[in-house]
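Below you'll find the structure, written out as structure tokens, and then a few comments.
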Amino acid sequence: MSSNALNPTKTVASVCPYCGVGCGMLLETDGKKILKVSGDKNHPTNFGRLCTKGQTSAQALRDSGRMEAAFVRPDRTAQSVQTPMGDAIKTTAKRLKAILDEHGPDALSFYVSGQMSIESQYLVNKLAKG
Ligand code: SF4
């Protein structure tokens, strides 16, 4: 990818967002989006190699299609409604606490996958341990 004076590219060392192997990668970015991903030859996990998922992760990182705001359903059958993040977190905590109080800890479970981003795995593990 080319760069220009307004959006010079820079390379940032990071870790693949997919599985738990933790391959090192270099992200070429213009400061707004990731332009290119390549394996980090100096990373001790993969020495520059990336599997197909890692090699194609730039598209997922750029156009993830993920929601960019919180949504809450007033009840199970209702349409989800965009909600300020703080309110969504409070509502979620209140609902989880109600389930815990009424049915005990075995009523709660989380689906956690190595396919989640590292940040998502960190957050769900913090929540589950709490
Ligand atoms: S490049 Fe492949 S093996 Fe390495 S962390 Fe990413 S998904 Fe896992």
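In what follows, every heavy atom counts, from backbone to side chain, and hydrogens, waters and symmetry copies are set aside. Counting starts at 1 for both ligands and their atoms, in listed order.
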Students should be able to answer this: which protein heavy-atom is nearest to atom 6 (Fe) of ligand 1, and at what distance?
Cys16 SG, 2.3 Å
Minimum heavy-atom distance between Arg73 and Arg95, given as atom pair plus value
O-NH2, 2.7 Å
Check ligand 1 against Gly22 and write out every atom of the ligand that is under 4.0 Å from a heavy-atom position of the residue.
5 (S)
When you measure from the side chain of Gln55 to the backbone of Leu50, do you find a donor-acceptor pair of N or O atoms at a distance under 3.5 Å?
yes
Counting N and O atoms only, with roles assigned by atom type, does the side chain of Arg49 sit under 3.5 Å from a partner on the main chain of Asn46, one being a donor and the other an acceptor?
yes
Atom 2 (Fe) of ligand 1: which protein heavy atom is closest, and how many Å away?
Cys51 SG, 2.3 Å
Heavy-atom nearest pair, Gln121 first then Tyr18, reads NE2-O, 3.9 Å
Proximity flag Asn46 to ligand 1, non-hydrogen atoms under 4.0 Å
no
Show which atoms of ligand 1 fall inside a sub-4.0 Å distance from at least one heavy-atom site of Tyr18.
7 (S)
Ala58 to Ile34 - nearest heavy-atom pair and separation
CB-CG2, 4.2 Å
Given 3.5 Å as the limit, does a donor-acceptor pair link the side chain of Asn125 with the main chain of Ala128, or not?
no
Decide, counting backbone as well as side-chain atoms, whether Cys23 has an N, O or S atom less than 2.8 Å from atom 4 (Fe) of ligand 1.
yes
Is it true that some N/O/S atom of Cys19, main chain or side chain, lies under 2.8 Å from atom 8 (Fe) of ligand 1?
yes
